[in-house]
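In what follows, a single structure is set out as structure tokens and then discussed.
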Amino acid sequence: MSINNDTILPANFIRQIIANDLQTNKHNGKVATRFPPEPNGYLHIGHAKSICLNFGTAIENNGTCNLRFDDTNPEKESIEYMESIERDVQWLGFQWAGLHHASDYFEQLYQYAVQLIEKNLAYVDDLTAEQMRMMRGTLTEAGKESPNRHRPIADNLDLFARMRAGEFADGQYVLRAKIDMASPNINMRDPALYRIRRVHHHRTGDAWCIYPMYDYTHCISDAIEGITHSLCTLEFEDHRPLYDWVLDNIDIACHPQQIEFARLQLEYTIVSKRKLNQLVMEKHVNGWDDPRMPTIAGLRRAGFTPKAIRDFCERIGVTKQNSWIEMGVLEYCIREDLNENALRAMAVLQPLRVVITNYPDDQVENLEVSNHPQRHELGKRIVPFSKVILIEQDDFAEIPPPKYKRLIESGEVRLRGSYVIRCDEVIKDADGNIIELRCSYDTETLGKNPEGRKVKGVIHWVSEAHSQPAEIRLYSRLFTVPQPDNEDNFLDAINHDSLEVLSDCRVEASLAAASVENRYQFERTGYFCLDAVDSVAGKLVFNRTVTLRDGWVKD
Ligand code: ATP
Ligand code: MG
């Protein structure tokens, strides 16, 4: 495990509760958590918060954390989603103690429901969903009891068995808990426990035509697994009485403690699987792993590291107050990691040809350049220098703006890791577009400024003959407003300029061997990674993970 147990972790209310429970030996000194995703989409950065919290809590306390698929809604669930979830949890650096599925418990869940019926705590109802809604009451008004509420136990047992046996149509009957139609908490007004749904399940096939509801399933699954602390998001606070009611009324020894925390809401993006699914299905993005997506798969493809995401989750903390986190916090975390760990390289995004007229025609100098300015253990690479090089179009200006330190006509600039060149002549085509610069180099300037002459500007470059063609994809935020979720239609807030594809880029020779395992800082340009899907030998594709600085400062 890549998380260091010895670091002193900041207090939060969950750490506090667990420390107290350990002190009082509440759960026999055990800490057992779980991460319970529904396999109906890919995991997103909000899930990462829950993953780090659940697995992190277990690690900090020498406990265990399970991965449990909450797979009780077969219409929307799939094997593809399950596999992506397993991959993403492991990629984040976590390993589950047990891998479980709520569907593993279908038989037990059924038997517990029979128990509730036998105790006269559940009944079979034939009201339609609409009628049930009408009778549920409101926040200020009690609900009405169903005429079926007092059906005899024997009849309920018979009907429930026949529901399971497939004798009834979808929706014809439901099993409901018998709690209190006048409860101030609407969740306690005889909630549905089972519905009839003839849907093929990706794990249990057609074995079942009745499926248990989330609230009923979740608490029992937790108890079966011996979970001690069931951490969930705030919207379940009002469901806690039901969680406890179910466990109090069935014969099960374990009673986990549900603790709620605030969901992560991240600015300029969306963390709802339903809406992310819509972005994918309607092709507003190129799949779940589109680098603009806040999914773990998207962040990975964009070049985010597990370490940066874990660091982000620790930094935002765990509280009971819903709040919005600025995208800048996530960007800060990835910059911190990449500044320290990314290999340096040179890439020219919009090339301008520079011929060094006084450089020998066939000469090539293999310059040794550090892969990282501070971390010498990351080694050096060879960067070939030759007569024709490419620089960035906007590193030359005919009419320089004030304080411009890069190349101008009759001016000098240093090529990073190489010589100082001077621009002698600007070559244009018939339309007046600059097509080439003629420059001369100073042999005395390799790696140093000669006495009394200081050249301020430094620009990056590649040797034309040695460079590799590449496509570079510049991503920016997917939405134009900080809280797209709060728009009438979040699709109206999509940023249509969130992807800029530059297809004529040239990258330095060493990047022919670039690997998806590595991250790169293209000097002065940003942090990039190889695109794991579209990049092939001979056609490199790089994704921009993040700009070098907040707000794009150039030298
Ligand atoms: P979504 O609204 O995206 O579908 P969900 O809560 O329905 O989210 P689940 O698959 O049920 O998705 O989530 C698994 C776990 O992750 C749950 O415990 C849930 O509380 C937690 N989780 C989901 N979204 C967030 C979030 N934005 N911040 C923190 N935890 C989250
Ligand atoms: Mg859910």
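Indexing begins at 1, ligand by ligand and atom by atom, following the structure's order. Position 1 is the first residue of the sequence; numbering continues from there. Note that these values count all heavy atoms, side chains included, but never hydrogens, waters or copies made by symmetry.
The ligand atoms of ligand 1 that sit less than 4.0 angstrom from a heavy atom of P37 are 10 (O), 14 (C). Listed by atom number, the atoms of ligand 1 under 4.0 Å from S272 heavy atoms are 3 (O). For ligand 1, the atoms closer than 4.0 angstrom to any heavy atom of T233 are 19 (C), 20 (O), 29 (C), 30 (N), 31 (C). The distance from ligand 1 to the heavy atoms of V271 drops below 4.0 Å at these ligand atoms: 3 (O), 27 (N). Within ligand 1, counting atoms from 1 as listed, the ones closer than 4.0 Å to a heavy atom of P36 are 14 (C), 18 (O).
The cationic group of R164 lies under 6.0 Å from the six-membered ring centre of Y110 and within 45° of the ring axis, placing it in a cation-pi geometry. Relative to the ring axis of Y475, R292 does not place its NZ or CZ within 45° and under 6.0 Å from the centre.
Checked by atom type and distance alone, the side chain of R197 never pairs as donor or acceptor with a backbone atom of C209 at under 3.5 Å. In terms of modelled atom types and a separation under 3.5 Å, the side chain of N187 and the main chain of D238 share a donor-acceptor contact.
Tested against R301, the residues N543, T295, D531 include a single side-chain hydrogen bond (donor to acceptor under 3.5 Å, both in side chains) partner, D531.
Residue-to-ligand polar distances place G46 within reach of ligand 1: an N/O pair is separated by less than 3.5 Å. For ligand 1, one of its N or O atoms has an N or O atom of L264 under 3.5 Å away. The shortest N or O to N or O distance between E235 and ligand 1 is not below 3.5 Å. Considering backbone and side-chain atoms together, R263 places an N or O closer than 3.5 Å to an N or O of ligand 1. Considering backbone and side-chain atoms together, R274 places no N or O closer than 3.5 Å to any N or O of ligand 1.
Only the side chain of H44 comes within contact range of ligand 1, with a heavy atom under 4.0 Å; no backbone atom does. The side chain of F35, and not its backbone, has at least one atom closer than 4.0 Å to an atom of ligand 1 (non-hydrogen atoms only; side chain from C-beta on).
No more than 12 heavy-atom neighbours from other residues, nucleotides or ligands sit within 6.0 angstrom of NZ on K144. Few gaps surround CD on E282; more than 12 heavy atoms of other groups in view lie less than 6.0 Å from it.
By the salt bridge (charged side-chain N to carboxylate O under 4.0 Å, His left out) test, D337 is found to be paired with no residue, residues two or more places apart in sequence or in another chain being considered. Checked against side chain to side chain contact (heavy atoms under 4.5 Å, CB included), D125 has the following partners two or more places apart in sequence or in another chain: Y123, L127, S146, N148, V174, R176.
Under a 4.0 angstrom heavy-atom cut-off, D70 registers as lying outside contact with ligand 1.
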